[in-house]
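Worksheet: the structure to be examined is printed underneath.
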Amino acid sequence: FVSPANSGQINNIGVPGLRVVDYPVAGYALQNKYAERFFNNTFGTPLDQLAFMVHNLHPTFFTLWMGTDDIMGYALSGGQGDGTGTAVPLALNYYNPNDISPYTTFEKIYDTALTVAISTGASGALINIPDVASLPFFTTVPANGLRLNTEEEAANMQAYYATSTWNKVFQVGANYFIIRDHNGNVRQAVPGELILLSIPMDSIKCAGWGSTTPIPEQYVLTTDELQHIRAAVTRFNGFIKFEAQLHNLAYVDMNTYLSQVASGITYNGIKYNAQFVAGGAFSLDGIHPTPRGYALIA
């Protein structure tokens, strides 16, 4: 970002929340306050704005990091949208924010936007998409966070769900929460499934969520929903790499790098990982990096 004091020139034209599939949406800036702040024509499309900026800035080098938000809405909603990569628009060119963007549409529009970005002869780097489900927002609340302190409590839970046909395991110590999945089934979570940080913790502590009351589906990512997310990450990243090779651009594997950060790295003597609050790499929303996290990315 170049300060507006410097002739008012803005070199960072990234828009928080902008999906690849939003590029053809007319009037997009009227729905996104971040875009509205600097779009030349708020009634135009993000693609129009990209062309306007490219042909006014005449960049010699650019970075393009797009696609995370084409998956993030589905993940943040607990898989409440269409995760198959075949979603249909709600209206002309506009897709449900809770859907994973359809694969073929994503690829067509990404290629179109990239063609605009390189239209002045600039070179650049394409940055791929991280595994969003590995962010602290999805990994902080343990799926086996139902603690039973006595044999009596375990027996009571077993009796409470005695008529349920799903496999039940209640024991002293950590147990998997009771959830409602997107098919409406009440069952115990299984290893690998995730509970979202957005879950109201007072409902777990005081209202029996996860024990006598199933955790609602919008706060859970089930095994099949996680498969949809990771399939989309793989598909989109494969296409981004293809585009980089096709146009002789650098390809930045941010997916691998952020997984290394999440596991734990040391930089300048300071340790970073994806632990919520204490890890140092990700902010308190559990999604965006801290200033130091962004510095590591840069």
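Positions are given from 1, in the same order as the sequence printed here.
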Quick one: does any side-chain atom of [X] pair with a main-chain N or O of [Y] as donor and acceptor, under 3.5 Å?
| X | Y | result |
| --- | --- | --- |
| S134 | D131 | yes |
| N32 | L30 | no |
| N56 | F52 | yes |
| S283 | H288 | yes |
| D181 | N183 | yes |
| D48 | T45 | yes |
| T42 | E36 | no |
| Q49 | N40 | yes |
| N268 | I270 | no |

pair [X]-[Y]: side-chain heavy atoms closer than 4.5 Å:
| X | Y | value |
| --- | --- | --- |
| L47 | P24 | no |
| N255 | I129 | no |
| D99 | V21 | no |
| T63 | V252 | no |
| Y95 | D82 | no |
| V15 | M66 | no |
| F62 | L57 | no |
| D69 | D22 | no |

Aromatic rings Y219 and W209: how do their planes relate, parallel, tilted or perpendicular, breaks at 30° and 60°?
tilted
Aromatic ring pairing F239/F106, orientation class (parallel under 30°, perpendicular over 60°, tilted between)
perpendicular
Could you tell me the separation between the [atom1] atom of [X] and the [atom2] atom of [Y], rounded to the nearest 0.5 Å?
| X | Y | atom1 | atom2 | value |
| --- | --- | --- | --- | --- |
| F177 | I215 | CZ | CD1 | 5.0 Å |
| F137 | L284 | CZ | CG | 13.0 Å |
| L126 | K241 | CG | NZ | 12.5 Å |
| L90 | N96 | CG | CG | 5.0 Å |
| I10 | R37 | CD1 | CZ | 8.0 Å |
| R187 | T165 | CZ | OG1 | 12.0 Å |

Crowded around [X] [atom1]? As in, over 12 foreign heavy atoms under 6.0 Å?
| X | atom1 | answer |
| --- | --- | --- |
| N248 | CG | no |
| E151 | CD | no |
| Q31 | CD | no |
| H55 | NE2 | yes |
| Y294 | OH | yes |

Between N144 and Y176, does a side chain to side chain contact (heavy atoms under 4.5 Å, CB included) hold up when you go through it step by step?
CA-CA 4 Å; N144 64 340; Y176 282 90; 3.8 Å; yes
Answer yes if [X] and [Y] sit in the same cluster of Ile, Leu, Val, Met, Phe, Trp and Tyr residues linked by side chain heavy atoms under 4.5 Å apart, and no otherwise.
| X | Y | value |
| --- | --- | --- |
| Y110 | M53 | yes |
| L135 | L296 | no |
| F138 | V190 | no |
| M201 | L196 | yes |
| L246 | L114 | yes |

Quiz item: cation-pi between R235 and F242, 6.0 Å / 45°
no
Run the side chain to side chain contact (heavy atoms under 4.5 Å, CB included) check on V132 and Y74 step by step: do they pass?
CA-CA 10 Å; V132 300; Y74 177 81; over 6 Å; no
Can you give me the closest heavy-atom contact between [X] and [Y], atom names plus distance?
| X | Y | value |
| --- | --- | --- |
| V54 | P59 | O-CD, 3.4 Å |
| L146 | S211 | CD1-CB, 3.9 Å |
| N128 | I240 | CA-CD1, 4.2 Å |
| W166 | V186 | NE1-O, 2.7 Å |
| F39 | A29 | CD2-CB, 3.6 Å |
| I13 | F38 | O-CZ, 3.7 Å |

Tell me whether the centres of the aromatic rings in Y103 and F236 are closer together than 6.0 Å.
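Ring centres of F236 and Y103 closer than 6.0 Å.
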Would you say the side-chain atoms of E193 and T223 include a donor-acceptor pair closer than 3.5 Å?
yes
Start with the C-alpha distance between E243 and T115, add both sets of side-chain angles, then the distance that settles side chain to side chain contact (heavy atoms under 4.5 Å, CB included), and finish with yes or no.
CA-CA 10 Å; E243 288 281 89; T115 299; over 6 Å; no
For M254, run the side-chain contact (heavy atoms from CB on, under 4.5 Å) check against N237, T68, V261, I127 and tell me which one passes.
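Among N237, T68, V261, I127, the one that satisfies the side-chain contact (heavy atoms from CB on, under 4.5 Å) with M254 is I127.
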With side chain to side chain contact (heavy atoms under 4.5 Å, CB included) as the criterion, how do Q171 and L148 come out once you've worked through the C-alpha distance, each side chain's angles and the decisive distance to 0.1 Å?
CA-CA 7 Å; Q171 58 192 2; L148 301 175; over 6 Å; no
